[in-house]
Each structure stands twice: as structure tokens, then as C-alpha cells.
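Below is one structure, written out as C-alpha cells; comments come after it.
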Amino acid sequence: MNILDTIDGARRAHERAGRGCLVHLGEEEPRYATVAEIAARLEPHPDATMLLTAVSEAVERYDPVTEAAILLEVPSGYQVLILSAEGYDYVGGLTFEGYGLLGLTRG
């Protein structure tokens, strides 16, 4: 992942759609989504409250000119990060074993 290209893409998406988050799930291309879109997808899952809270916090905190908020799927769950040219700030996430929000996790 090229950090500067990622931040630039998120900045352009922000200009079109407003505050949001890059969502990177598995092998899919990252896509930009608003908190409302992410909430609609996660709402049926009772374990998603902490994850949605972290997404909301990241989307409120990041500077869309120099940073990007990212919801990233990792083998153990999901991480919410604020990405900048200097690195990243971990905001929160959700860790699980076996079955996660979207089905069986990869091992």
C-alpha cells in the first residue's frame, strides 16, 4: 500500500462524499464509505458496537487533507487506523477467533 496515494485517494473521496473511511476487506479493492454506510452494514451484529465507535472516532478526528481513516480487515479481526505520511495511529478495533462479523475468518 502506497501511503501517500492512499491518503490522496481518500482526500478526493472526501471532497465528493464528505467525511468517511476507507474500508479494506480481504482481497477487495479499498472503497470509501461514510459512517452511516458502515453502520448499516454492521448494525445487525451486536459485537460491532466497539468497532463502529472506533470508526466514528477516527472519522471525526482525522484531517482529510493530510490523513485517511481506514477500517482494515486483518486475520484476527478489524483495525481502525488514522494513516498519515508519518505512520498510523491505532484508534480501535475488534478481535475475534473463529467466526467474525462476516463469517469464518481466514487462518
Side-chain angles (χ1 to χ4, degrees):
M1 170 192 324
N2 181 305
I3 293 173
L4 295 179
D5 287 346
T6 300
I7 293 169
D8 188 52
R11 181 189 49 74
R12 287 191 312 270
H14 172 266
E15 290 171 357
R16 287 189 307 273
R19 281 203 172 265
C21 180
L22 283 176
V23 179
H24 193 225
L25 302 177
E27 299 298 318
E28 297 175 16
E29 281 293 313
R31 72 179 203 66
Y32 194 79
T34 65
V35 173
E37 292 170 327
I38 296 169
R41 172 111 187 235
L42 296 179
E43 193 169 286
H45 304 284
D47 295 336
T49 302
M50 286 176 50
L51 182 60
L52 189 53
T53 300
V55 168
S56 296
E57 180 182 335
V59 168
E60 287 298 316
R61 281 184 28 203
Y62 85 104
D63 176 357
V65 175
T66 60
E67 300 174 320
I70 299 178
L71 170 58
L72 180 65
E73 182 180 31
V74 295
S76 62
Y78 299 93
Q79 294 180 349
V80 180
L81 312 168
I82 296 176
L83 183 67
S84 73
E86 291 80 37
Y88 69 89
D89 179 19
Y90 177 81
V91 179
L94 178 64
T95 303
F96 49 77
E97 294 182 28
Y99 282 88
L101 294 177
L102 303 175
L104 186 62
T105 61
R106 294 184 270 288

Between atom [atom1] of [X] and atom [atom2] of [Y], what is the distance when rounded to the nearest 0.5 Å?
X: R12; Y: I7; atom1: CZ; atom2: CD1; value: 12.0 Å
X: T6; Y: H24; atom1: OG1; atom2: NE2; value: 9.0 Å
X: Q79; Y: T95; atom1: CD; atom2: OG1; value: 7.5 Å

Compare all side-chain heavy atoms of [X] with those of [Y] and state whether any distance is below 4.5 angstrom.
X: L81; Y: D89; value: no
X: P64; Y: R11; value: no
X: L25; Y: Y78; value: yes
X: I82; Y: R61; value: yes
X: V80; Y: I70; value: no
X: Y32; Y: H14; value: yes
X: V55; Y: V35; value: yes
X: V23; Y: P30; value: no

V91 versus A54, closest heavy-atom pair with distance: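 Nearest pair, atom of V91 first, then A54: CG1-O, 3.5 Å.
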
- prompt: Which heavy atom in I38 sits nearest to a heavy atom in C21, and how many Å separate them?
  reply: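 The pair with the smallest heavy-atom distance is CD1-CB, 4.0 Å.
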
message: When you measure from the side chain of E57 to the backbone of T53, do you find a donor-acceptor pair of N or O atoms at a distance under 3.5 Å?
response: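 No; zero donor-acceptor contacts below 3.5 Å.
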
query: Are R41 and E37 close enough for a salt bridge, meaning some N to O gap below 4.0 Å?
result: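 E37 and R41: not salt-bridged.
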
- request: Please determine which of L52, L51, T49 meets the side-chain contact (heavy atoms from CB on, under 4.5 Å) test together with L94.
  value: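 With L94 as partner, L52, L51, T49 yield a single side-chain contact (heavy atoms from CB on, under 4.5 Å), made by L51.
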
- prompt: Are V74 and L83 connected in a single hydrophobic cluster, I mean Ile/Leu/Val/Met/Phe/Trp/Tyr linked by side-chain heavy atoms less than 4.5 Å apart?
  reply: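 Yes; tracing contacts between hydrophobic side chains, which count when under 4.5 Å, links both residues.
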
- request: Establish, yes or no, whether the cationic atom of R19 lies under 6.0 Å from the six-membered ring centre of Y62 and within 45° of the ring axis.
  value: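 Yes.
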
message: Under the criterion side-chain contact (heavy atoms from CB on, under 4.5 Å), I'd like the reasoning laid out for S84 against T66: C-alpha separation, chi angles, the key distance, then a yes or no.
response: CA-CA 6 Å; S84 73; T66 60; 6.0 Å; no

